[in-house]
Peer 1: 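Okay, handing you the structure first.
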Amino acid sequence: MTDLDHRAVRVRFAPSPTGALHIGGLRTALFNWLFARRHGGSVVLRIDDTDRERSSETYLRQILDGFRWLGVTFDEGIEEGGPYGPYRQSERMPIYRQALQRLLDDGKAYPCYCTPEELDASRKAQLEAGKTPRYAGTCRRLTPEERAAREAEGRQPVYRLKVDLDRPIVVRDVIRGDVSFEPEQIDDFVIMKSDGTPTYHFASCVDDAEMRITHIIRAEEHLSNTPRHVVLFQALGAPVPTFAHVPMILAPDRTKLSKRHGATSVDEFRALGFLPEAIVNYSLLLGYAPDENAELFTLDDLVPTFELERIAKHPAIYDVNKLRWMNGHYLRTLSLRRVYTYAEPFLKAAGYLSQNPGDDEIALAMARIDAVRERVATLIELTDGVSYFYRSIEAYDETGVHKHFKNPKEVAERLRYAAERLETVEPWDLEQTEQAYRGLIDELGISGGALIHPTRLALSGRTVGPGLFHIMVLLGKAETIRRLRKAVQWLEARA
RNA sequence: GGCCCCAUCGUCUAGCGGCCUAGGACGCCGCCCUCUCACGGCGGAAACAGGGGUUCGAGUCCCCUUGGGGUCACCA
């Protein structure tokens, strides 16, 4: 183990492409990345796709694409290559077979012909008796004749690791300290399935050994499996890596994250209009506290001081509310250019932007985004927030009508004056429009709100939004006046 | 059920024996700013799961209880 300390740090993130990359997986990947960067080591992205049934190329693409979007990079992996490839377990079958053969030759593994039914029955019985189910070891004691007989029957065996322990297995975990497991907890477990593919435990350990992984940073759900892995590394004659089991992220109902909990995957958050900066920052904040009170940070900020020891031991429940707040924070503090880039696909999808917007179109969009971004939390809301700049108003907000279009006749008259007054405004900017309005308000001897609120409703259809004169400028003179007149008509029809 | 991990405001957390009448953030409530909504600023309510020890002294160490989570597959 001490020889590990002298080797360059090598960590891996090994997702199984059987589902989307969720926020917990992302955080684990980020911890790996941070640890590698902190110690000048390498991160490898390995794909655990030994389950051919459930693995899909679609999920794999999604995961890869998600990391790209988030700006998370790997040093070795299925796309970047590297000296320890292939990095896809489905392409490493010969390696597992060789590893098994070595174990067989050393007498450390043996074929097992028990049927699933037999095993199941035995397991159930033990479970009911309140014991940890263990494989009885029947096939371990098979004579060559018995073995040959079963082969002759055409039975395809699984292969089990021969586990003989005379003392507890101690897992050295950086986050939790030493965790000890009694020998009777670990039986002769299966390492190769009857179809010739390795089990997760086997593939994972063989690869970690072959790829010279020094630290295994993964989710806590694997802690209970770890003594098996320790035994496997030893059987393979490989150094045992240092472990760090990071706590899980739970849904608000305190159970494991799943589809029924709404958005939990990176893709979903992305579609909902969350920014990479916020997703990365927030997921890290769940269980990691860099400094006393630091909450807003980037991945790079964390590198110089990152320590696995600072990761929380207890599971965290994620809170969309705080993510929303954080997203809003990035929406209003990131450069306008960047926010525009993130918003662009949303605006295009809504039909507000053309497929290849010109400079003027982009400049106007940016100005509109800038006016709205400090009052929204997501890109979806941002898109909604600028909607009335791009399409005419289909309806006036109901409570707004109640409040500001209360006396149709009176309001119509005021808005007509306003339209007339605005005709004369030149240049059409913040100062001139406001001056014109203030003047009119004075002349009419009314409160500012009495003219401003109905105008906002007339121009945007809403009661909330950017400052009124900002709206006017961003809408343009002609459109502002057109909407005012339209409101006048609407009001007169109701007077 | 066996085994393993965990336990500070509703949520994320700071705290590694005295600096804690427990700090910060989100959310919530008030006030200020103000043409609305936000943003921002100021203030407030809100937690050491319970019980035993150890110690001059325990949120911090130990034990038990309770609670939560994980794991016990030819799934990863």
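These figures come from a predicted structure and were not determined experimentally. Letters A, B, ... mirror the listed sequences (proteins, then strands); counts begin at 1.
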Peer 1: Which of these nucleotides, G24(B), U13(B), C4(B), is closest to any side-chain atom of Asn293(A)?
Peer 2: G24(B)
Peer 1: Between Tyr87(A) and Phe74(A), does the ring centre distance come in under 6.0 Å?
Peer 2: no
Peer 1: Arg462(A) side chain N/O closer than 4.0 Å to the phosphate oxygens (OP1, OP2) of C37(B)?
Peer 2: no
Peer 1: Run the salt bridge (Lys or Arg N to Asp or Glu O under 4.0 Å) test on Arg176(A) and Glu220(A) for me, step by step, so that the C-alpha distance in whole Å, both residues' side-chain angles and the decisive distance to 0.1 Å come before the verdict.
Peer 2: CA-CA 10 Å; Arg176(A) 286 152 216 287; Glu220(A) 194 195 335; 3.6 Å; yes
Peer 1: Could you check, using the six-membered ring where one of them is a Trp, whether Phe405(A) and Tyr396(A) have ring centers closer than 6.0 angstrom?
Peer 2: yes
Peer 1: In the 5'-to-3' direction, what one-character label does each nucleotide of nucleotides 58-64 of chain B receive under the scheme B = base within less than 4.0 Å of a protein heavy atom, S = sugar-phosphate only, - = no such atom?
Peer 2: -------
Peer 1: Given atom CD of Glu118(A) and atom P of A73(B), what is their separation to the nearest angstrom?
Peer 2: 16 Å
Peer 1: Just the rounded figure in Å: distance from P of A76(B) to CE of Met192(A).
Peer 2: 12 Å
Peer 1: With both distances under 3.5 Å as the test, what is the Watson-Crick or G-U wobble partner of C19(B)?
Peer 2: none
Peer 1: Counting only Watson-Crick or G-U wobble pairs whose two distances fall under 3.5 Å, which nucleotide matches G27(B)?
Peer 2: none
Peer 1: Would you say C4(B) has OP1 or OP2 under 4.0 Å from some side-chain N or O of Thr226(A)?
Peer 2: no
Peer 1: Using a 4.5 Å cut-off on heavy atoms from C-beta on, say whether the side chain of Arg97(A) contacts that of Pro198(A).
Peer 2: no
Peer 1: Salt bridge (Lys or Arg N to Asp or Glu O under 4.0 Å) between Arg414(A) and Glu410(A): does it pass, once the steps are laid out?
Peer 2: CA-CA 6 Å; Arg414(A) 287 175 186 167; Glu410(A) 190 181 48; 3.3 Å; yes
Peer 1: Indicate, with yes or no, if the rings of His222(A) and His245(A) have centres closer together than 6.0 Å.
Peer 2: no
Peer 1: Tell me, which of residues 15-22 of chain A have any heavy atom that sits under 4.0 Å from an atom in RNA chain B?
Peer 2: Ser16(A)
Peer 1: Which value, in whole Å, describes the distance between the P atoms of nucleotides A7(B) and A25(B)?
Peer 2: 24 Å
Peer 1: Which nucleotide, A25(B), C12(B), A38(B), lies nearest any side-chain atom of Glu374(A)?
Peer 2: A38(B)
Peer 1: Taking atom P of C26(B) as reference, at what distance in whole Å does atom CG of Asn327(A) sit?
Peer 2: 15 Å
Peer 1: Considering only heavy atoms, which members of residues 317-325 of chain A lie under 4.0 Å from some atom of RNA chain B?
Peer 2: Ile317(A), Asp319(A), Asn321(A), Lys322(A), Trp325(A)
Peer 1: Restricting to side chain to side chain contact (heavy atoms under 4.5 Å, CB included), what partner residues turn up for Asp120(A), sequence neighbours left out?
Peer 2: Arg123(A), Lys124(A)
Peer 1: Would you please test Phe274(A) and Met326(A) for side-chain contact (heavy atoms from CB on, under 4.5 Å) and show each step?
Peer 2: CA-CA 9 Å; Phe274(A) 287 93; Met326(A) 195 173 273; over 6 Å; no
Peer 1: At under 4.0 Å between heavy atoms, which parts of nucleotides 65-70 of chain B does protein reach? Answer with one letter per nucleotide, 5' to 3': B base, S sugar-phosphate only, - none.
Peer 2: ----BB
Peer 1: Would you tell me if any nitrogen or oxygen in the side chain of Arg332(A) comes within less than 4.0 Å of OP1 or OP2 on A38(B)?
Peer 2: no
Peer 1: With hydrogens left out and only the distance checked, is there a donor-acceptor pair under 3.5 Å joining Arg176(A)'s side chain and the base of C5(B)?
Peer 2: no
Peer 1: Is Asn225(A) touching bases, backbone alone, or none of the nucleic acid, heavy atoms closer than 4.0 Å?
Peer 2: base
Peer 1: What integer distance in Å separates Asp442(A):CG from C35(B):P?
Peer 2: 14 Å
Peer 1: In whole Å, what is the span from the NZ atom of Lys124(A) to the P atom of C72(B)?
Peer 2: 16 Å
Peer 1: Would you mind reading off the distance between Leu457(A) atom CG and C37(B) atom P, rounded to a whole angstrom?
Peer 2: 14 Å
Peer 1: Flag the pair Arg375(A) and Glu381(A) as a salt bridge only when some basic side-chain nitrogen lies within less than 4.0 angstrom of an acidic carboxylate oxygen.
Peer 2: no
Peer 1: Look at the side-chain N and O atoms of His314(A) and state whether any lies under 4.0 Å from the OP1 or OP2 oxygen of U13(B).
Peer 2: yes
Peer 1: Counting only distance, no hydrogens or angles, is the base of G24(B) paired donor-acceptor with the side chain of Glu295(A) under 3.5 Å?
Peer 2: yes
Peer 1: Taking for each residue the nucleotide of RNA chain B with the nearest heavy atom, is it Val158(A) or Arg456(A) whose nucleotide lies nearer the 5' end?
Peer 2: Arg456(A)
Peer 1: 5'-most contact on RNA chain B: Glu434(A) or Tyr200(A), nearest heavy atom basis?
Peer 2: Glu434(A)
Peer 1: Quick one: label Phe181(A) by what it contacts on the DNA or RNA (base, sugar-phosphate, nothing), any heavy atom closer than 4.0 Å.
Peer 2: sugar-phosphate
Peer 1: Could you check whether Arg155(A) pairs with Glu151(A) (Lys NZ or Arg NE/NH1/NH2 to Asp/Glu carboxylate O, under 4.0 Å)?
Peer 2: no
Peer 1: So, are Asp384(A) and Arg462(A) salt-bridged, with charged N and O less than 4.0 Å apart?
Peer 2: yes
Peer 1: Do the charged groups of Arg88(A) and Asp48(A) touch, with an N to O distance under 4.0 Å?
Peer 2: no
Peer 1: Counting Watson-Crick and G-U wobble pairs only, both distances under 3.5 Å, name the nucleotide matched with A7(B), or none.
Peer 2: U66(B)
Peer 1: Does Arg228(A) place a side-chain N or O at less than 4.0 Å from the phosphate oxygens OP1/OP2 of C72(B)?
Peer 2: no
Peer 1: Can you check the Ile169(A) CD1 to C3(B) P distance for me, whole Å?
Peer 2: 18 Å
Peer 1: Checking Tyr96(A) against Asp207(A): is there a side-chain donor and acceptor pair closer than 3.5 Å?
Peer 2: yes
Peer 1: Can a salt bridge be assigned to the pair Arg421(A) and Glu443(A) using a cut-off of 4.0 Å between side-chain N and carboxylate O?
Peer 2: yes
Peer 1: Which pairs pass salt bridge (charged side-chain N to carboxylate O under 4.0 Å, His left out) with one or both residues in residues 188-202 of chain A, sequence neighbours excluded?
Peer 2: Arg140(A)-Asp188(A)
Peer 1: Quick one: are the ring centres of Phe306(A) and Tyr288(A) less than 6.0 Å apart?
Peer 2: yes
